[in-house]
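What follows is a set of notes on a single structure, which appears directly below.
Quick note: numbers below take in every heavy atom, side chains included, and nothing from hydrogens, waters or symmetry partners. Chain letters run A, B, ... following the sequence lines, proteins first and then strands; every chain starts at 1.
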There are 2 protein chains.
Amino acid sequence: MTDFFDRHRDLLDRAVHAWRVREFWTPFPETPSTKIYGADARRDGHAAYEALLGGAFMLPGHPETARLGAEQSPWGQDVAISYPAVPPAALIAASQAAGAQWGKASMQARVGALIEALIRLNQMSFLIGEATMHATGQAFPMAFQAGGPHAQDRGFEAIAAAWIEMTATAQTAIWEKPQGKSDPLVIEKRWHLVPRGVALAIGCNTFPTWNSYSGVFASLATGNTVIVKPHPHAILPLALTVKVLREVFAEAGLPQDAVLLAVDAPGAEITKELATDSAVAIIDYTGSSSFADWLRTNATQTLVFTEETGVNSVSITGTDDFAGMCANLAFSLSLYSGQMCTAPQNIYIPRGGIQTAEGHKSFDAVVAGIVAAIDALLADPQSASAICGAIVNPATLERIAAARHAGQVVRESDETGAGRSATPLLVVVDGAGSGLQDDECFGPVSFVIPCEDAQDAIARASGIATRKGAITAALYANDPDLIEQAAMAFAAAGVNLSVNLTGNIYVNQSAAFSDFHVTGANPAGNASLTDTAFVASRFRRVMIRWPKAA
Amino acid sequence: MTDFFDRHRDLLDRAVHAWRVREFWTPFPETPSTKIYGADARRDGHAAYEALLGGAFMLPGHPETARLGAEQSPWGQDVAISYPAVPPAALIAASQAAGAQWGKASMQARVGALIEALIRLNQMSFLIGEATMHATGQAFPMAFQAGGPHAQDRGFEAIAAAWIEMTATAQTAIWEKPQGKSDPLVIEKRWHLVPRGVALAIGCNTFPTWNSYSGVFASLATGNTVIVKPHPHAILPLALTVKVLREVFAEAGLPQDAVLLAVDAPGAEITKELATDSAVAIIDYTGSSSFADWLRTNATQTLVFTEETGVNSVSITGTDDFAGMCANLAFSLSLYSGQMCTAPQNIYIPRGGIQTAEGHKSFDAVVAGIVAAIDALLADPQSASAICGAIVNPATLERIAAARHAGQVVRESDETGAGRSATPLLVVVDGAGSGLQDDECFGPVSFVIPCEDAQDAIARASGIATRKGAITAALYANDPDLIEQAAMAFAAAGVNLSVNLTGNIYVNQSAAFSDFHVTGANPAGNASLTDTAFVASRFRRVMIRWPKAA
């Protein structure tokens with residue numbers, strides 16, 4: 001049963017090394033290139049996706065008493081796939097039944113099967129990309145990357161972290177205690193790694209695979225069984241994931257029901273019933289802080305790992321490359337119409353303007369530079385659509401409408417021409433305004449906030465991170481002392497800080513094996529992808545000891 | 001500021017190795033021998049203790065607005081030491097004020113100072129032993145070991161685990177991402193280790209240092225400041241600890257208030273006010289499950305690590321060494337009058353008796369063997385006192401009185417003649433009885449429970465561990481298949497299992513660097529001393545990244 005493990009052992013060792021040194025590494029190429037993925041990969045992926053539309057998604061052996069599914073693409077397509085569904089109690093029972101065998105399988109058997117599943121998922125990245133595109137409203141290139149290789153990286157990273165932790169201490173030991181002139185006491189010891197039980201992974205609408213893989217693979221690697229509960233509007237990417245995992249488990253002689261799919265209908269979600277079941281010992285959740293609070297209050301029997309609401313910031317205090325800065329920010333603000341947990345929202349700029357390589361720029365000139373860069377980036381409708389994608393939730397359009405009244409609109413949000421779309425809205429808010437800028441305003445809305453000076457900008461950006469949470473912060477600055485001061489302020493606020501980004505690297509980007517996503521040190525969540533705290537408490541060590549036979 | 005670190009680096013490396021391989025290792029000799037600790041150590045320790053009695057315990061520089069302290073020894077001595085005291089808000093403010101500097105000190109500076117403090121505490125083990133004896137009612141040899149070297153081992157183990165985790169990933173990296181034919185993207189990254197904030201360590205009456213050191217040293221090593229809140233009846237051992245830590249911090253140029261002493265009076269405890277302060281981010285607690293529940297419900301802003309109530313068991317299904325088994329159990333049941341979280345309580349024996357090397361023994365014969373072994377062990381009053389110690393809490397005497405009516409008394413509890421004392425009470429409970437045997441009955445009370453057969457004994461012992469928690473389980477068995485079956489049952493119940501112990505090793509004993517104390521896998525607590533989960537979430541990693549200059 002360890003064939004897969006032997007086959008992938010070298011890859012696991014490289015992943016472990018990468019996790020430790022935090023340098024660039026990925027086993028899964030991010031480019032949707034047929035040179036890499038095979039000449040027919042794109043066509044085959046598309047055909048496979050088309051073949052699924054309107055049909056019954058099959059998960060052989062999966063519990064099923066009904067069929068559910070009402071996905072609709074923000075791009076306009078009626079997905080109309082039905083999935084097997086059963087009541088929560090039946091899912092829990094099936095998961096627990098599989099748990100006995102899954103928890104006792106060797107960690108090598110589990111880890112080998114999980115890596116094999118990721119490799120198969122990687123080979124399906126064109127299909128997963130298309131499924132992700134229509135679940136989330138992402139444009140295809142992003143959906144391919146985020147839904148495919150980047151999510152697979154996060155899954156692999158979680159396996160590596162779990163492996164490191166499971167093998168951190170010896171599994172057996174001979175404990176020999178000197179007894180002065182007498183013979184030593186000699187005790188043999190053996191440790192069992194014991195999982196917590198059933199894990200529930202609650203998927204989100206915008207990044208169904210990327211935000212779920214870390215928890216799913218960490219729980220499975222450490223011996224827990226997992227119930228995957230997709231957002232009712234973003235089922236297919238996770239259904240494909242569950243299918244591949246189950247196929248590999250079956251081939252490896254492991255119980256298929258170690259991973260189950262919990263499909264529900266919009267308005268009739270089963271999340272709360274699952275989350276509060278006494279058998280559920282781990283919850284991984286991505287979404288609003290209000291539901292995270294509900295989970296912490298009501299699912300008191302479990303560990304709860306979250307990625308939640310926050311207010312990401314850009315502080316602009318100076319730059320050597322004004323055009324590069326504006327172009328970089330334009331892309332960060334436009335990408336997937338700000339529907340990323342890493343997208344900047346509040347832009348803090350000194351009222352008196354900033355120093356640049358081209359001399360002083362006034363506050364208005366900085367704002368105008370960013371607006372012009374967005375306009376240029378999105379001038380061509382096809383490019384605009386390829387960058388902005390579509391709006392996954394109609395409520396976002398209402399938020400844009402409300403934000404128009406929050407201050408002085410300096411850039412209007414517009415449609416791209418494809419799907420339900422919206423380009424960035426920029427609003428200057430001087431003073432308290434409507435207060436909208438003091439909370440997360442999910443979507444393509446940014447508030448530009450005049451500050452007293454650079455210190456005030458950093459204080460306000462780090463301050464809101466401390467109070468409301470934040471996953472990213474960007475800083476543009478010339479002065480090394482100011483940068484160091486900002487580093488301390490944002491470290492204390494628990495936000496990862498990107499300084500002076502220009503060119504092809506964006507504050508929104510978080511790379512597995514190098515960037516810890518979410519620090520756990522502010523209200524934006526406690527799930528740091530993937531540090532040891534994210535994996536270590538998913539299992540426990542239990543010992544048996546006995547005197548060594550003479 | 002890293003002098004201490006350089007001086008102790010080799011010792012830290014050895015501790016890290018020991019933590020990984022789980023073989024016998026200790027830097028702190030457990031024998032109260034003047035050959036090891038110095039010819040005058042015993043006399044000096046006693047003199048130092050006597051000099052403290054009835055006086056004002058000084059903590060230079062510590063906040064102080066009042067003096068409190070009303071310790072009384074279960075051995076009859078009036079300790080009458082007064083300690084500096086301030087209201088909770090002042091403790092929190094002082095701790096937070098120290099936090100800025102403490103959290104920014106290098107991990108080398110912190111870890112070096114902490115190891116130095118442990119080494120100084122070790123040199124004071126005779127004084128700490130005497131302080132522990134009178135705080136807890138332990139006899140001196142045990143108080144020396146458990147209060148001194150064994151506690152110091154647990155502190156060092158926590159430092160090692162924290163060090164392993166803080167150094168698990170690189171602190172800086174150069175992330176170089178290929179860009180096809182273009183130049184690679186090159187990003188420099190640096191990570192700050194950010195503590196959670198103020199940690200509260202709530203001590204217990206029975207093992208003030210042993211049960212507190214893991215949390216105190218883990219929190220301090222990871223950059224949190226610590227408020228040490230001793231049990232109002234067991235202040236001195238922790239006051240001495242705080243004093244030494246503060247002295248070493250001052251010498252190292254570190255803020256003394258990184259560790260503070262929170263003294264209160266019996267009946268006017270400040271624990272709840274401290275625990276629910278919004279600044280408190282970590283709580284380490286040893287004690288009843290009911291107060292642990294209170295903490296989980298009310299101190300929702302913090303991590304809570306606990307060691308709680310449980311029902312430890314012995315399952316007797318057969319033995320090759322009946323006399324050795326009885327002698328071993330007699331010691332485990334008598335040691336410190338069962339006032340250990342690791343002491344056995346329920347003894348499960350098949351109704352039809354067991355097989356031994358001397359042939360079949362009936363249920364009654366097994367019970368009689370254990371009773372006779374206890375009687376022999378405690379026949380000499382001085383030995384009895386040296387093993388049983390004194391009863392720390394008068395409520396324990398009431399529990400003994402109540403337990404007399406739980407079934408058939410087969411061994412009466414008696415006094416040893418020294419201090420407030422009680423030798424083991426053994427009660428056979430056949431059937432449901434009073435139900436006292438279904439919960440923890442802290443103190444020298446054991447319930448002997450007739451079972452259908454060996455399987456039933458194991459099922460009942462592991463079942464109560466699952467339901468009520470347990471820290472230890474003992475098994476006596478001849479059949480290797482039965483032992484393996486028990487290993488699985490107790491692993492599933494999350495209890496460390498000791499098999500066929502005879503001679504000088506007892507189920508009560510848990511050795512740092514080898515035995516994880518508390519598994520975290522049943523209701524007896526979630527603080528596993530010391531696994532990675534116990535240290536990993538006490539700090540977070542926060543990144544700053546910037547494009548590498550060309």
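- Heavy-atom distances place the side chain of A/Arg190, and not its backbone, under 4.5 Å from chain B.
- The cationic atom of A/Arg20 (NZ for Lys, CZ for Arg) does not lie both less than 6.0 Å from the six-membered ring centre of A/Phe513 and within 45° of the ring axis.
- Heavy atoms closer than 4.5 Å to chain B are found in both the backbone and the side chain of A/Ile544.
- Note that B/Arg22 lies outside the cation-pi zone of B/Phe24, set by a 6.0 Å cut-off to the ring centre and a 45° limit from the axis.
- If you measure heavy-atom distances from A/Val535 to chain B, you find no contacts under 4.5 Å at all.
- Neither the backbone nor the side chain of A/Ala473 has a heavy atom closer than 4.5 Å to any heavy atom of chain B.
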Mind running side chain to side chain contact (heavy atoms under 4.5 Å, CB included) on B/Ile458 and B/Leu475 for me, showing each step along the way? CA-CA 8 Å; B/Ile458 291 164; B/Leu475 170 71; 4.3 Å; yes
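- Considering only heavy-atom pairs separated by less than 4.5 Å from chain A, the leading option among B/Ala173, B/Ala486, B/Ala491 is B/Ala491.
- When only modelled atom types and interatomic distance are considered, B/Gln171 and B/His192 share no side-chain donor-acceptor pair under 3.5 Å.
- Looking at A/Glu188, there are no atoms closer than 4.5 Å to chain B (heavy atoms on both sides), in backbone or side chain.
- Interface remark: A/Ile187 contributes side-chain atoms only to the contact with chain B (heavy atom separation under 4.5 Å).
- Heavy atoms closer than 4.5 Å to chain B are found in the backbone of A/Phe490, but not in its side chain.
- B/Ala511 touches chain A through its side chain: at least one heavy atom from C-beta onward sits under 4.5 Å away, while N, CA, C and O do not.
- Between the side chain of A/Thr306 and the main chain of A/Ala292, no donor-acceptor pair closer than 3.5 Å is present.
- Checking A/Arg541 against A/Thr169 by side-chain atom types alone, a donor-acceptor pair falls below 3.5 Å.
- Among A/Pro184, A/Pro547, A/Gly503, the residue with the largest count of heavy-atom pairs under 4.5 Å with chain B is A/Pro547.
- Chain B forms more heavy-atom pairs under 4.5 Å with one residue of A/Ser537, A/Ala521, A/Ala168 than with any other, namely A/Ala168.
- Interface remark: A/Val21 contributes backbone atoms only to the contact with chain B (heavy atom separation under 4.5 Å).
- Looking only at atom types and distance, the side chain of A/Thr172 has no donor-acceptor partner in the side chain of A/Lys189 under 3.5 Å away.
- Listed for the B/Thr317 side chain is a donor-acceptor partner under 3.5 Å among the backbone atoms of B/Tyr476.
- Only the backbone of A/Glu176 comes within contact range of chain B, judged by heavy atoms closer than 4.5 Å.
- Within the 4.5 angstrom heavy-atom criterion, only side-chain atoms of B/Leu185, from C-beta onward, approach chain A.
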